[in-house]
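Next up is a structure, given as structure tokens.
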Amino acid sequence: MLNFFRRKKTEPPAPKRIRDHKLGPGILDASALKVIEVLNTNGFQAYLVGGCVRDALCGVKPKDFDVATDAPLEAVTKLFRRSRIVGRRFPIVHVRFGRDLIEVSTFRQSISDKVVHDDRGMILRDNAFGTLHEDAFRRDFTVNALYYDPSNKEIIDFVGGVDDIKAKNIRFIGDTKTRLAEDPVRILRAIRFSAKLGFTISEDILSSVKNTAKRLEAIPPARLFDEFLKLFLNGYAETVWRQLRETPLANALFPSCDPMSPLALAAMRNTDDRIFNGASITPGFLVAVLLWDDFKARNDVRHSDDDDPAFAALKSQQSSIAIPRRFGTFARDVWTIQERLHKRNVRSLDRLVTHKRFRAGYDFLCLQAESDESVRACADWWTDFQNANDSEREALIAQLPKTPRKRNRGRNRRKAAAQNSASTGTG
Ligand code: ATP
Ligand code: MG
């Protein structure tokens, strides 16, 4: 009788196994394949998974490699000397192999008592281990849930990810609203992958953007900083920004920024160009751009020398995205140098040109000049000045309006007082 009521454990549906693909050692990272080999020879299942399989199938060179295994995290650390468990919300193992870093995670499941949710369905901790099949279903998008088994060169697909890659679709596994409630950052991931690969985001995801933007408030600002780096420092910032600024997401990330600011768009494009050309980039520059209007507004109403508009602008941003101090300092330097670039005080031009943030400050000025006529003459002057020889520099300096020498009131006052006391015999 009892047996009658006991639910029969159903076998999970068999995945598709795909052999007709171009993945192989040429595209895939040797270190990641080695990690899998070591796990396999020790009796564990192990597969490449996630972005590396997705990107390789799209013909894009993967930038990092994730491995999924049935080995517990501690077992993984025992097999690899240079490895350690990282992450609190979502622990994984970082395995160092030569100069490579491979992220190894144990199969997990998302439908379990061990997954801790808040009262709105957001996953707080996800530490319930599971099978390969369960692991596939806890991943976010179908295109991110493909496994590559190097031992037989098969791609294992439980969720129709290969078809979605062919159709260029970003689609959640399961119910969109539930998956976004579990983790609102997934909305940013959808935009990022669509920008990177030219994929279309499914309608039900797009129609949830507004609601999800509000929920980003619950995400730790440090996690959003990591996401900020991935969104804007991977070579497709302009496409990402164009998407974000059409939605409340831009202001969910940067509350004080005008999403339609031409400076922001120009800076995104410039960041992509620099990455393409192999030039250096820093998140500090984008911070300077995105908080510039807020800094300026605060600077304009500054009441005393004790007011610190840069500090205030950076501080008010921290509740959304935690910007590490060094990038905040970079932004502050770029802002404060703007005034000096405009003033062009003849006596300190040489010092200004050798200032460690001169180049960044000048780049910032040039970006502003692209959309702001009033800045153009100044930016052009600096371009000419840097390309000029000594006599040309003198000519450029001669063009500058004469700045009246600042009277040193304090010194004059002290001098007068000294003379006074000498003549009156006081002091
Ligand atoms: P890229 O490395 O290009 O940023 P990726 O897809 O590899 O893209 P990762 O953040 O490295 O992204 O994550 C690896 C895999 O882990 C993803 O492909 C996905 O399967 C899973 N994953 C990552 N973040 C989430 C999340 N927030 N929710 C569900 N699954 C996730
Ligand atoms: Mg990855």
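All values below were derived from every heavy atom in this structure, side-chain atoms included, with hydrogens, water molecules and symmetry-related copies excluded. Note that the numbering runs from 1 along the sequence shown for the chain. For ligands, and for the atoms within them, numbers begin at 1 and follow the listed sequence.
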Geometry at the Mg ion (ligand 2) - Asp66 OD2 versus Asp64 OD1 angle, rounded to 10 degrees: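 The two atoms subtend 100° at the Mg ion (ligand 2).
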Interfacing atoms of ligand 1 (cut-off 4.0 Å, heavy-atom, Arg192):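 So the answer, numbered in order with elements, is 1 (P), 4 (O).
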Nearest protein heavy atom with distance in Å, relative to atom 27 (N) of ligand 1: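 Going by distance alone, atom 27 (N) of ligand 1 is nearest to Asp183 OD2, 2.8 Å.
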Mutual orientation of the aromatic rings belonging to Phe358 and Tyr362 [parallel < 30°, tilted 30-60°, perpendicular > 60°]: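 If you compare the ring of Phe358 with that of Tyr362, the planes turn out parallel.
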Protein contact to atom 26 (C) of ligand 1 [nearest heavy atom, distance to 0.1 Å]: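 Protein heavy atom with the smallest distance to atom 26 (C) of ligand 1: Arg186 NE, 3.7 Å.
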Lys196 bridged to Asp55 by N-O distance under 4.0 Å: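 Yes, this pair counts.
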Arg223 neighbourhood, listing ligand 1 atoms whose heavy-atom distance to it stays under 4.0 Å: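 Those qualifying, in numeric order: 27 (N).
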Atom 30 (N) of ligand 1: nearest protein contact (heavy atom, Å):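 Heavy-atom neighbour on the protein nearest atom 30 (N) of ligand 1: Asp140 N, 3.3 Å.
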Closest approach of any protein heavy atom to atom 6 (O) of ligand 1, naming residue and atom: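 Sorting protein heavy atoms by distance from atom 6 (O) of ligand 1 puts Arg54 NH1, 2.9 Å first.
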Verdict with reasoning, Trp292 to Phe364, per ring pair (Phe, Tyr, Trp, His ring centres under 6.0 Å): CA-CA 10 Å; Trp292 169 241; Phe364 190 93; 5.1 Å; yes
Mutual orientation of the aromatic rings belonging to Phe385 and Trp381 [parallel < 30°, tilted 30-60°, perpendicular > 60°]: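 Parallel: the ring planes of Phe385 and Trp381 meet at under 30°.
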Result of checking Leu39, Ile36, Val38, Thr106 against Phe44 for side-chain contact (heavy atoms from CB on, under 4.5 Å):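 Exactly one option meets the side-chain contact (heavy atoms from CB on, under 4.5 Å) with Phe44, and it is Leu39.
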Per-atom contacts of ligand 1 with Arg138, taking only distances under 4.0 Å to non-hydrogen atoms: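 Here the atoms of ligand 1 in question are 29 (C).
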Polar proximity ligand 1 side, Arg179 side, N/O cut 3.5 Å exclusive: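 Between Arg179 and ligand 1, no N or O pair is found under 3.5 Å apart.
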Ligand 1 atoms in contact with Asp66 (distance to a heavy atom under 4.0 Å):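 Listed by number with element, the hits are 7 (O), 11 (O), 14 (C).
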Option of least heavy-atom distance to atom 22 (N) of ligand 1 (set: Arg189, Lys63, Lys196):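 Nearest option to atom 22 (N) of ligand 1, by heavy atoms: Arg189.
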Subset of ligand 1 atoms that lie under 4.0 Å from at least one heavy atom of Asn144: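 That gives atoms 6 (O), 18 (O), 19 (C), 20 (O) of ligand 1.
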Residue and atom name of the nearest protein heavy atom (relative to atom 15 (C) of ligand 1), distance in Å to one decimal: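 Checked against all protein heavy atoms, atom 15 (C) of ligand 1 sits closest to Arg139 NH1, 3.5 Å.
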Check: Ser261/Asp258 side-chain N/O donor and acceptor closer than 3.5 Å: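 Distance-only check fails for Ser261 and Asp258.
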Which of the ligand 1 atoms, numbered from 1, are nearer than 4.0 Å to a heavy atom of Gly51: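 That gives atoms 5 (P), 6 (O), 7 (O), 18 (O) of ligand 1.
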Inter-residue atom distance Asn169.CG - Thr142.OG1, 0.5 Å rounding: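 Between atom CG of Asn169 and atom OG1 of Thr142 there are 7.5 Å.
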Residue Asp64 vicinity, atoms of ligand 1 by number, heavy atom under 4.0 Å: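 Contacts of ligand 1 toward Asp64, numbered from 1: 2 (O).
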For Lys230, the ligand 1 atoms whose distance to one of its heavy atoms is below 4.0 Å: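 Numbered from 1, ligand 1 contributes 10 (O).
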Parallel, tilted or perpendicular: ring planes of Phe327 versus Phe225, cut at 30 and 60 degrees: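 Aromatic pair Phe327/Phe225 classed parallel.
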Cation over ring face, Arg108 and Phe90, 6.0 Å, 45°: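 Ring-cation test returns yes.
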Ion pair check, Glu339 and Lys343, cut-off under 4.0 Å: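 Result for this pair is yes, salt bridge flagged.
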